[in-house]
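Computed from a prediction, not measured in an experiment: that's the story for all the values here.
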Amino acid sequence: MSMKNTTNAVPRSREEAKQETREALMRAAALLFKSGGLDVSLDAVCAEAGYTRGAFYVHFRNRDELISAVMGRIGDQVLDALLGTGNEGAEENNDLLSLVQRFLQALVSGDYPLTRKGGLPPHQLLDACARSEVIRRQYVRLTRSGIDRLAAALRAGQQKGQIRQDLATEPVAAMLVSIVIGLHTMHDLDMKIDMAAGAQVVMQMLMPVAAG
């Protein structure tokens, strides 16, 4: 069990102290979700963080709000790492080919959170979405963000001549995100999928046909 930080460092303001508490609760929740799933008790989260339930309710109305906040934090970090910020022209290696390579590398290295050994099973997220509108909205936001960033990567690929010019980037990006969500489900069912081979097939469909 973690204990509340009792070092001599004193937060400079009340707001900083509140932020420190919130961060500790979110870190504790993220840690426990990995080992115990989304149904861990609030008492367990508070004990891990070193704070009381009273401190918890200053920041979150219920466990669903906490889950949503942790989902948003981790989801945005994953999207930034794999897909970039989505700002077109801001990142040199943000075309689709570079993104596919980063995604496959994350899978191989075990860094991808939804296929990481000991990580949160994807079906638990969908179960949570079915019972909680707060969690569903967060999941939809992250999915929408992924589609937008992939669409930007497709346009960058078109500018570099890597992607067919006749493709509408938004529908293709939505299709690619749907494929990834489907792969989550297949992984959750312990089905053996050759991710690299699948990525190669997708890229072959998207790449321009060589002339002559």
Side-chain angles (χ1 to χ4, degrees), residues 1-87 106-107 109-149 177 180-181 183-185 187-190:
M1 180 186 303
S2 298
M3 297 299 293
K4 184 176 177 180
N5 187 352
T6 56
T7 64
N8 293 328
V10 178
R12 291 188 297 274
S13 69
R14 179 183 179 87
E15 189 59 36
E16 287 176 344
K18 287 179 62 178
Q19 186 62 28
E20 178 185 304
T21 304
R22 180 183 177 86
E23 291 296 323
L25 289 166
M26 290 180 64
R27 285 195 302 270
L31 178 65
L32 293 176
F33 291 160
K34 291 178 183 178
S35 58
L38 296 180
D39 292 331
V40 296
S41 69
L42 288 185
D43 287 337
V45 172
C46 292
E48 178 68 29
Y51 289 95
T52 64
R53 266 184 176 250
F56 173 89
Y57 287 118
V58 169
H59 300 277
F60 306 101
R61 287 187 296 180
N62 50 45
R63 186 172 57 187
D64 286 352
E65 280 198 355
L66 173 64
I67 293 172
S68 175
V70 173
M71 280 177 60
R73 171 73 59 81
I74 295 175
D76 285 332
Q77 290 173 349
V78 171
L79 289 175
D80 286 346
L82 295 181
L83 304 182
T85 62
N87 296 324
L107 290 174
S109 65
D111 290 336
Y112 188 62
L114 291 182
T115 57
R116 181 185 299 147
K117 185 176 181 181
L120 182 68
H123 77 268
Q124 288 198 9
L125 289 177
L126 296 180
D127 286 345
C129 288
R131 66 171 174 75
S132 170
E133 178 61 21
V134 171
I135 297 173
R136 189 195 72 83
R137 285 198 303 267
Q138 185 67 268
Y139 191 94
V140 169
R141 181 190 72 80
L142 291 168
T143 302
R144 181 71 255 173
S145 180
I147 292 172
D148 291 343
R149 298 185 201 209
V177 169
V180 171
I181 292 174
L183 290 173
H184 292 168
T185 300
H187 183 274
D188 211 12
L189 294 171
D190 201 26

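- Ion pair Asp148/Arg144 flagged as a salt bridge, since at least one NZ, NE, NH1 or NH2 atom sits closer than 4.0 Å to an Asp/Glu carboxylate oxygen.
- Within 6.0 Å of atom CZ in Arg131, more than 12 heavy atoms from other residues, nucleotides or ligands are found, so the atom counts as buried in its surroundings.
- Taking SG from Cys129 and CG from Asp64, the interatomic distance works out to 10.0 Å, rounded to the nearest 0.5 Å.
- Scored by the side chain to side chain contact (heavy atoms under 4.5 Å, CB included) test, Arg53 finds Leu42, Asp43, Cys46, Tyr57 as partners (sequence neighbours excluded).
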* To do: Starting from the C-alpha separation in whole Å, work towards a yes-or-no answer on side-chain contact (heavy atoms from CB on, under 4.5 Å) for Gln138 and Ile67.
  => CA-CA 9 Å; Gln138 185 67 268; Ile67 293 172; over 6 Å; no
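- A donor-acceptor contact under 3.5 angstrom links the side chains of Glu23 and Gln19, judged on distance only.
- Rounding to the nearest 0.5 Å gives a distance of 11.0 Å between CD1 of Ile147 and CG of Leu83.
- Annotation: the span from Leu66 atom CG to His59 atom NE2 amounts to 11.0 Å, rounded to 0.5 Å.
- Checking side-chain atoms of Arg63 against main-chain N and O of Asp39 turns up a donor-acceptor pair under 3.5 Å.
- Taking every heavy atom of both residues into account, Glu48 and Ala28 meet most closely at CG-CB, 3.5 Å.
- Here CD1 of Ile74 is found 10.5 Å from CG of Leu142. Values are rounded to the nearest 0.5 Å.
- Interatomic distance, Leu38 CG to Ile135 CD1, rounded to the nearest 0.5 Å: 6.5 Å.
- Of the possible donor and acceptor atoms, none in the side chain of Arg22 sits under 3.5 Å from a partner among the backbone N and O of Phe60.
- Closest approach of Phe33 and Val40 over heavy atoms only: CE2-CG2, 3.5 Å.
- Between Gly146 and Leu79 the shortest heavy-atom distance is CA-CD2, 4.0 Å.
- Qualifying ring pair (Phe, Tyr, Trp, His ring centres under 6.0 Å) partners for Tyr139, counting only residues two or more places apart in sequence or in other chains: none.
- One N or O on the side chain of Ser35 and one on the backbone of Leu32 form a donor-acceptor pair closer than 3.5 Å.
- Side chains of Arg149 and Ser145: a donor-acceptor N/O pair is present below 3.5 angstrom, by distance only.
- Among all heavy-atom pairs drawn from Ala49 and Ala24, the shortest one is CB-O, 3.6 Å.
- The OG1 atom of Thr185 lies 7.0 Å from the CG atom of Leu189; values are rounded to the nearest 0.5 Å.
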